[in-house]
Every structure is written in C-alpha cells, then in structure tokens.
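Report on the structure given below.
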Amino acid sequence: MALLLLSLGLSLVSTQELNPQAIVRKNYDMAKVSGVWYSVSMASDDMKRIEKDGDLRVFIQNIESLEDGSLKFNFQFMVLGECVKVAVVCEKTDRNGEYTVNYEGNNRVLLSETDYKLYITFHLRNMRNGTETNVLALYGRVPDLSPSFLERFEKVCRKYGLGPQNILSLSDQNDCCKYKK
C-alpha cells in the first residue's frame with residue numbers, strides 16, 4: 001500500500017507544470033536547494049565535455065547547503081565502466097547564488113533559476129588551459145520533468161548562446177541510477 005501511495009505521489013509531482021510566478025532568479029534561499037535532485041538535461045558550448053565519457057558529464061544525487069554558505073554536490077559518473085561517487089564542495093563568493101570550485105580547471109558555479117520544489121538550473125563557467133567552457137545543468141526533484149520545464153531550460157540556454165544542438169537529455173542515460181539511494 002505504501003508503495004502504491006508513493007507511486008501516486010511521484011506521478012502527481014512529475015505531472016506538475018512550470019509556474020512562472022514561482023521562478024526565483026535572485027535572493028536565493030540556499031537552504032531550500034538542499035535535498036535529492038536528478039539530472040534531467042545538460043547543455044554546453046563544448047559538447048565532448050558533457051557527452052558520454054566527458055569530464056563534465058556528472059549525475060547529481062543531492063545538494064547540501066552547508067553552515068558556512070558553501071554548497072556540497074554529491075555526484076555520480078562513469079569511469080572505465082564503473083560508477084564513481086564524488087562529493088564536491090563549492091565555496092560561496094560574495095554574490096548570492098555564486099560559488100567557486102577547482103575541478104578540471106577553475107570554475108564559477110552560478111544558480112541561474114529555481115522554483116525550489118521541482119527544478120533548478122545551474123550555470124558552470126570552466127576555465128582550463130586558457131579556454132572557457134560553459135555548461136548549463138537542469139536538475140529536477142523527480143527524474144522526469146514535464147515538457148514545460150524542458151522548454152524553459154532551452155530558453156535559459158539561448159541566453160548563453162546555446163541552441164537545441166547543444167542540449168543533451170540525461171533522464172534515461174544515467175548508468176549509475178541503479179545504484180542511487
């Protein structure tokens with residue numbers, strides 16, 4: 001019975017539509033970002049970095065807002081056919097929703113927008129060997145978001161010069177998902 005109720009609850013959440021009035025683009029309450037998330041889509045101006053075996057192709061498990069204001073991301077990714085878990089702590093900057101981390105270069109992680117309840121979009125600017133790579137990530141509180149969220153993500157991507165050819169759906173591509181707790 002509990003499984004049936006859980007399934008019903010998840011299906012109701014996944015059918016919800018994007019509420020434009022609930023979108024937050026500044027003055028973020030980072031405590032509301034904490035919790036379980038799923039990778040839905042990624043976009044980049046350097047596709048090889050987010051395609052299979054790309055160094056920036058990661059699958060989110062959860063995000064934790066730390067007491068010092070930093071954000072801890074728990075990711076999974078595949079390395080030589082093995083699922084690897086990694087925790088990355090992004091240090092808070094003076095700007096709300098902006099963080100830095102060293103991983104495959106110097107990175108600035110910016111929360112682009114969220115409604116806290118169903119989706120969040122991050123923008124990563126990676127500088128490595130003098131080359132800048134931009135990556136946008138759409139995470140959902142459920143593994144599959146309705147088309148309105150995907151359309152919104154495409155709109156956000158266009159602001160960074162990224163078109164549909166730069167976007168990958170990740171909902172069904174996480175080889176590690178069977179290990180997700």
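Worth knowing before you read on, the calculation uses all heavy atoms, side chains too, and leaves out hydrogens, waters and symmetry mates.
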Exercise. Do the side chain of Ser148 and the main chain of Leu18 share a donor and acceptor less than 3.5 angstrom apart?
Worked result: yes

Exercise. Atom CG of Asp29 and atom OG of Ser65: how far apart are they, to the nearest 0.5 Å?
Worked result: 8.0 Å

Problem set entry | CG on Leu168 to CD on Glu51, rounded to 0.5 Å | 6.0 Å

Exercise. OG of Ser34 to CG of Asn62: how many Å apart, nearest 0.5 Å?
Worked result: 8.5 Å

Exercise. Closest heavy-atom contact between Phe153 and Ser41?
Worked result: CE2-CB, 3.6 Å

For this session: Determine, stepwise, if the pair Asn166 / Ile50 fulfils side chain to side chain contact (heavy atoms under 4.5 Å, CB included).
Result: CA-CA 10 Å; Asn166 300 97; Ile50 64 169; over 6 Å; no

Exercise. So, do Leu138 and Leu145 sit near enough that their side-chain heavy atoms are less than 4.5 Å apart?
Worked result: yes

Exercise. Quick one: CZ on Phe59 to CG on Leu170, what's the gap to the nearest 0.5 Å?
Worked result: 5.0 Å

Problem set entry | Shortest non-hydrogen separation from Gln76 to Lys85 and the atoms involved | NE2-CE, 3.6 Å

Problem set entry | Worked verdict on Thr100 versus Asn106 for side chain to side chain contact (heavy atoms under 4.5 Å, CB included) | CA-CA 8 Å; Thr100 60; Asn106 295 315; over 6 Å; no

Problem set entry | Closest contact, heavy atoms only, Pro143 versus Val40 | O-CG2, 3.9 Å

Exercise. Is it true that the side chains of Arg49 and Ser44 contain a donor and an acceptor less than 3.5 Å apart?
Worked result: no

For this session: Locate the shortest heavy-atom distance separating Leu111 from Tyr28; write the atom from each residue and the value.
Result: O-OH, 3.0 Å

For this session: Would you mind telling me which of Met47, Met42, Glu154 makes a side-chain contact (heavy atoms from CB on, under 4.5 Å) with Ile167?
Result: Glu154

Exercise. Out of curiosity, does Val101 fall in the hydrophobic cluster containing Val86 (side-chain heavy atoms, cut-off under 4.5 Å, transitive links)?
Worked result: yes

Exercise. Would you say Cys83 and Met78 make side-chain contact, with heavy atoms under 4.5 Å?
Worked result: yes

Exercise. Out of curiosity, Thr121 OG1 to Leu110 CG, how far, rounded to the nearest 0.5 Å?
Worked result: 12.5 Å

Exercise. Pick one: which of His123, Lys26, Arg152 meets side-chain hydrogen bond (donor to acceptor under 3.5 Å, both in side chains) with Glu113?
Worked result: Arg152

Exercise. Shortest non-hydrogen contact from Tyr116 to Asn27?
Worked result: OH-O, 4.4 Å

Problem set entry | Within-4.5 Å side-chain heavy-atom neighbours: Arg108 and Glu98 | yes

For this session: Measure the CG-CD distance between Asp115 and Gln21 for me, rounded to the nearest 0.5 Å.
Result: 11.5 Å

For this session: Would you sort out whether Asp68 and Ser70 count as a side-chain hydrogen bond (donor to acceptor under 3.5 Å, both in side chains), showing the intermediate values?
Result: CA-CA 6 Å; Asp68 67 357; Ser70 298; 3.0 Å; yes

For this session: Quick one: do Asp45 and Tyr160 satisfy side chain to side chain contact (heavy atoms under 4.5 Å, CB included)? Show the steps, please.
Result: CA-CA 9 Å; Asp45 52 12; Tyr160 295 96; over 6 Å; no

Exercise. Under 4.5 Å between side-chain heavy atoms, hopping through other hydrophobics if needed: is there a path connecting Ile23 to Leu118?
Worked result: yes

Exercise. Do the side chain of Ser39 and the main chain of Ile60 share a donor and acceptor less than 3.5 angstrom apart?
Worked result: yes

Exercise. Quick one: do Arg128 and Asp55 make a salt bridge, cutoff under 4.0 Å?
Worked result: yes

For this session: State, to 0.1 Å, how close Tyr99 and Lys92 come at their nearest heavy-atom pair, and which atoms those are.
Result: CD2-CA, 3.5 Å

Exercise. With under 30° as parallel and over 60° as perpendicular, where do the rings of Phe122 and Phe73 fit, or are they tilted in between?
Worked result: perpendicular

Problem set entry | ILVMFWY network linking Val89 to Val58, side-chain heavy atoms under 4.5 angstrom | no

